[in-house]
Amino acid sequence: MIEPVRENLVMFKKMRDELTRFSVVYKFALDEMNTKINILKEEFKYIHDYSPIEHVSSRLKTPESILNKLQRKNLDMSLKTIKKNIQDIAGIRITCAFASDIYTISEMISRQKDVEVLEIKDYVKNPKPNGYRSLHLIVTVPVFLSDREEKVPVELQIRTIAMDFWASLEHKIYYKYDKTIPERLSKELMEAAQSAAALDEKMENIHNEIKVIKEFSSLDSSDENVLLNQYKDNKSAITAFLTHFDTEN
Ligand code: 0O2
């Protein structure tokens, strides 16, 4: 092997090993955060008849991917710079059935005493120009080590199944075309994102109607008759109120 290439390889291996050691604390933060999310998921499973959390996955950014991001952002390759600028070394993705669940989950996590929210990017209310929708939060969780406590950042991506389906397809196409998607495909992806958003809206409406029916079936029959008559007489006003009520809560 030619000497400079060997030297570079040795350097690269040393750097990769250092990054792996550095990333351990992020793995602990993932464990802490996954425990929190699992507790919420289990609580919903045992106590309520519906859980806003459908699926959870987590990953640690690989040393190669960290180095690529540093290069992309034109940053120097030091651990100090990584610590300060790369906040998605630990990442968790939560998928849910309905768009309103996204904010329910985000609030349940954000209000925990030891969780600090550093940043929120709401690509659900403000989708990216390519159609990408998801709620991103950078939060810190405390990790207690033998000699210190560290507040470690974790990126949470919360989205519906439809948003997730779209994002994974777009991600595959993005890399297949080496990050420059042909215009025709970009247009089709945009249309697919709009269809996914329309599907989310329809599913949310059906979910809301089912909630109303469930409320009715849990009432005793005398209450039910009174309420049913009131509902029939004021159907449009009640529906409008419920739609408003749900988005505000
Ligand atoms: P990977 O491989 O998922 O880790 P920042 O992290 O804030 O410095 P950025 O990219 O502005 O940089 O942050 P943002 O917008 O919060 O995006 C972070 C992550 O969201 C990305 O991580 C992707 O996982 C996902 N994401 C953002 N935009 C898109 C998109 O248009 N399509 C898809 N499929 N995913 C997206 P990484 O580091 O880019 O990659």
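One-based numbering, in listed order, for ligands and for the atoms of each. This one's a predicted model, so the numbers in the text were calculated from it and none came from an experiment.
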Peer 1: Cation-pi between Lys125 and Tyr103: NZ/CZ under 6.0 Å from ring centre and within 45° of the ring axis?
Peer 2: yes

Peer 1: Of the protein's non-hydrogen atoms, which lies at the shortest distance from atom 35 (N) of ligand 1, and what is that distance?
Peer 2: Tyr132 CE1, 3.3 Å

Peer 1: Does the side chain of Ser78 come under 3.5 Å of the side chain of Thr81 through a donor N or O and an acceptor N or O?
Peer 2: yes

Peer 1: Quick test of your reading of the model: are Glu43 and Lys41 salt-bridged, counting only N-O distances below 4.0 Å?
Peer 2: no

Peer 1: If the threshold is 4.0 Å, N to carboxylate O, is there a salt bridge linking Lys36 and Glu32?
Peer 2: no

Peer 1: Before giving the answer on side chain to side chain contact (heavy atoms under 4.5 Å, CB included), spell out for Phe44 and Met108 the whole-Å C-alpha distance, their side-chain angles and the decisive distance to 0.1 Å.
Peer 2: CA-CA 12 Å; Phe44 273 97; Met108 284 188 311; 3.5 Å; yes

Peer 1: Quick one about Tyr50 and Asp101 (side-chain donor to acceptor, distance below 3.5 Å, no hydrogens or angles considered), yes or no?
Peer 2: yes

Peer 1: Is the Tyr123 ring parallel, tilted or perpendicular to the His136 ring (thresholds 30°, 60°)?
Peer 2: perpendicular

Peer 1: N/O to N/O below 3.5 Å, does that happen between Asn85 and ligand 1?
Peer 2: no

Peer 1: Could you list the atoms of ligand 1 found under 4.0 angstrom from a heavy atom of Tyr123?
Peer 2: 14 (P), 15 (O)

Peer 1: Say whether, by atom type as modelled, one donor and one acceptor occur between the side chain of Ser65 and the main chain of Lys61 under 3.5 angstrom.
Peer 2: no

Peer 1: Run the numbers for me: atoms of ligand 1, each under 4.0 Å from some heavy atom of Lys61, listed by number.
Peer 2: 1 (P), 4 (O), 38 (O)

Peer 1: Using a heavy-atom cut-off of under 4.0 Å, does the side chain or the backbone of Arg133 touch ligand 1, or both, or neither?
Peer 2: neither

Peer 1: Quick one: look up the protein heavy atom nearest atom 22 (O) of ligand 1 and list residue, atom name and how far away it is.
Peer 2: Asp88 OD2, 4.0 Å

Peer 1: In the protein, what heavy atom is nearest to atom 12 (O) of ligand 1, and what distance, to one decimal place, separates them?
Peer 2: Lys69 NZ, 3.8 Å

Peer 1: Under 4.0 Å from a heavy atom of Lys121: give me the atoms of ligand 1 that qualify, with their elements.
Peer 2: 7 (O), 9 (P), 11 (O), 13 (O), 14 (P), 15 (O), 16 (O)

Peer 1: What part of Lys73, side chain from CB on, backbone N/CA/C/O, both or neither, has a heavy atom under 4.0 Å from ligand 1?
Peer 2: side chain

Peer 1: Checking a contact table here: which protein heavy atom is nearest atom 28 (N) of ligand 1, and how many Å away?
Peer 2: Lys128 NZ, 2.8 Å

Peer 1: Where is the nearest protein heavy atom to atom 18 (C) of ligand 1: which residue, which atom, and how far?
Peer 2: Glu155 OE2, 3.5 Å

Peer 1: If I take atom CD from residue Glu150 and atom OG1 from residue Thr140, how far apart are they, to the nearest 0.5 angstrom?
Peer 2: 11.5 Å

Peer 1: Mind checking whether Glu119 has a heavy atom under 4.0 Å from ligand 1?
Peer 2: no

Peer 1: For atom 17 (O) of ligand 1, find the nearest protein heavy atom and state the residue, atom name and distance (0.1 Å precision).
Peer 2: His136 CE1, 3.7 Å

Peer 1: Output yes when a side-chain donor or acceptor of Glu204 lies under 3.5 Å from a complementary backbone atom of Ser100, and no otherwise.
Peer 2: yes

Peer 1: Under a 3.5 Å cutoff, is there a donor and acceptor pairing between the side chains of Thr95 and Asp164?
Peer 2: no

Peer 1: Any idea which atoms of ligand 1 are less than 4.0 Å away from a heavy-atom of Arg59?
Peer 2: 4 (O)

Peer 1: Which distance, rounded to the nearest 0.5 Å, do you find between the OG of Ser106 and the CG of Leu135?
Peer 2: 5.0 Å

Peer 1: Under a 4.0 angstrom heavy-atom cut-off, which atoms of ligand 1 come close to Gln157?
Peer 2: 19 (C), 20 (O), 23 (C), 24 (O), 25 (C)

Peer 1: If the threshold is 4.0 Å, N to carboxylate O, is there a salt bridge linking Asp114 and Lys151?
Peer 2: no

Peer 1: Considering the heavy atoms of Glu170, write down every atom of ligand 1 situated less than 4.0 Å from one of them.
Peer 2: 30 (C), 32 (N), 33 (C), 34 (N)

Peer 1: What residue and atom, counting heavy atoms only, is the protein's closest point to atom 2 (O) of ligand 1, and at what distance?
Peer 2: His171 NE2, 4.3 Å

Peer 1: What is the nearest protein non-hydrogen atom to atom 39 (O) of ligand 1, stated with its residue, atom name and distance?
Peer 2: Arg72 NH2, 4.0 Å

Peer 1: Check whether any protein heavy atom sits under 4.0 Å from atom 32 (N) of ligand 1.
Peer 2: yes

Peer 1: Tell me the contacting part of Asn130 for ligand 1: side chain, backbone, both, or neither, using a 4.0 Å heavy-atom threshold, strictly below.
Peer 2: side chain

Peer 1: Show the atoms of ligand 1 that are less than 4.0 angstrom away from any heavy atom in Ala167.
Peer 2: 34 (N)

